[in-house]
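Contents: one structure, followed by commentary.
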Number of protein chains: 2
Amino acid sequence: MSEDDEKMTEKQIRIIDAAVESFAQKGYSATSTSEIAKRAGVAEGTIFRHYKTKKELFLSIVTPVIAKFVAPFVLRDFYQLFEEQYESFPDFLRAVLRNRLTFVMKNGPVIKILLHEIPFHEELRQQFKEQVFPQVAGPIERIIVHFQERGELIDLAPSTLIRLSISVMAGYIITRCYILPDNAWDDEKEVELAVQFIMHGLSPT
Amino acid sequence: MSEDDEKMTEKQIRIIDAAVESFAQKGYSATSTSEIAKRAGVAEGTIFRHYKTKKELFLSIVTPVIAKFVAPFVLRDFYQLFEEQYESFPDFLRAVLRNRLTFVMKNGPVIKILLHEIPFHEELRQQFKEQVFPQVAGPIERIIVHFQERGELIDLAPSTLIRLSISVMAGYIITRCYILPDNAWDDEKEVELAVQFIMHGLSPT
DNA sequence: TTTATGAGTGAGTGATTACTTACTTCGTAG
DNA sequence: CTACGAAGTAAGTAATCACTCACTCATAAA
């Protein structure tokens, strides 16, 4: 559940777990440090021994998953990887959707926190603007142009194709993980369905 | 900007406007009543003359737009209306997307507040479960079945078709209004593009 | 054994919170 | 002209907030 230990005391881990739970349940500013301490079974002062402020604790939880999210895209050979490995655009979509779905399912509560708090914390928005947008959009755009040249995609602005594809994929991930997590989802089937929809729409053949 | 007056004093309107601004900027629980009062140019006590609690003020802002959102769907003849007026499913999609886009643009900040706070307020989630889901999903499902019987839509569960359609439409509305509001959007073009994508996907011809 | 260090503690700190209360002001019905 | 209720207010209230500080304890190098 908790973070990648590495020289963390047991109580420190308990603090982070408690903070994640509380932040996810009630939001950052509705969560008090005394509540986190109580939940972690720790004195309130212990929190401030490890983190100077409440916000530092918050950022120590949330910023690592931004980095993790960007990581697979900034591999130097990301473009070549997909160009060689995946023969068609649907293959590429399937791989990305499966990959991000498992990522969200692994880091569920923290991503929920991140999504909620992004609009209210300048530091987070900054990090998104600097890291996520350029690092992720660039490589993907090249891949899209690649498949456009091969005639597998309609001739629209790559940013538009990205937006449409992400809408469908995010739509599934969000309903799957946050809106109706209790449904009996058949992920393989739903991924295939989403990919087919992105490629062919809702019209019968 | 503010609510539908109706026996509201000028100061009361200023309170609501100030509350909407603050809630949208910092979130519900990070906004203090003293801050709202200051922003409205009003004594803090004045807020509590009109609203028993901070939460009551919040709900008085947010619940009307839930009702407004549902309103067009609960018209008794909603189903007949679309059955007669719109000859094809794409026509239906166009109408809905245009309609909801203007709705979001009119009530922008309040909808932003609503989306952020839904997970943290049981009353809001309740209202969504009771009003939005059944009232909206029902009529739309009948319309989808109608077009499926006419052979205009592939044979999938209506709930799936709804989810996919909403993903694309919400994807555009959210990027249009909240993520990149400063872009020079050509709404007519983008609406048409979204509808075409829903019907035919990204594959060429 | 002594000493030094860092984890952990709990009783504080002043500031801020949502909300109350006693009061004034003002428009209007009688 | 008066009386009354609603609108508005300034000065409170207790509770809670994030954070501090003086302290204990355990471990381990000297």
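Protein chains get the first letters and strands the later ones, always in sequence-line order, with residue 1 at the start of each.
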Rounding to an integer number of Å, can you tell me how far [X] [atom1] sits from [N] [atom2]?
X: A:Ile36; N: D:dT16; atom1: CD1; atom2: C1'; result: 15 Å
X: A:Arg49; N: D:dA18; atom1: CZ; atom2: P; result: 19 Å
X: B:Lys38; N: D:dA10; atom1: NZ; atom2: C1'; result: 14 Å

task = Please tell me which of B:Thr9 and B:Glu44 maps to the more 5' nucleotide of DNA chain D, matching each residue to the nucleotide holding its nearest heavy atom.
result =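 Residue closer to the 5' terminus by nearest nucleotide: B:Thr9.
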message = For A:Lys52 and A:Glu35, find the nucleotide of DNA chain D closest to each by heavy atoms; which residue's nucleotide sits nearer the 5' end?
response =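 Going by which nucleotide is closer to the 5' end, it is A:Glu35.
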message = Any side-chain N or O of A:Ser32 below 4.0 angstrom from OP1/OP2 of D:dC17?
response =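 Affirmative; the distance criterion is met.
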key: Under 4.0 angstrom between B:His50 side-chain N/O and D:dA6 OP1 or OP2   = no
ask   = Under the 6.0 Å and 45° cation-pi test, does A:Arg125 pair with A:Phe128?
value = no
message = Quick check with a 6.0 Å cut-off and a 45 degree axis cone: is B:Lys112 positioned over the face of B:Phe23's six-membered ring?
response = no
message = Among B:Ile173, B:Thr102, B:Val168, B:Asp187, which residue satisfies the side-chain contact (heavy atoms from CB on, under 4.5 Å) criterion with B:Leu97?
response =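 The single option meeting the side-chain contact (heavy atoms from CB on, under 4.5 Å) with B:Leu97 is B:Ile173.
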inquiry  = Under 4.0 Å from a heavy atom of chain B: give me the 5'-most and 3'-most nucleotides of DNA chain C that qualify.
reply    = C:dT17 to C:dA22
ask   = Looking for any heavy atom pair under 4.0 Å, which part of the strands does A:Ser29 touch: base, sugar-phosphate only, or nothing?
value = nothing
query = Between A:Lys189 and A:Glu192, does at least one N-O distance fall below 4.0 Å, as a salt bridge requires?
reply =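 Here A:Lys189 does not pair with A:Glu192 in a salt bridge, since their nearest N and O are not under 4.0 Å apart.
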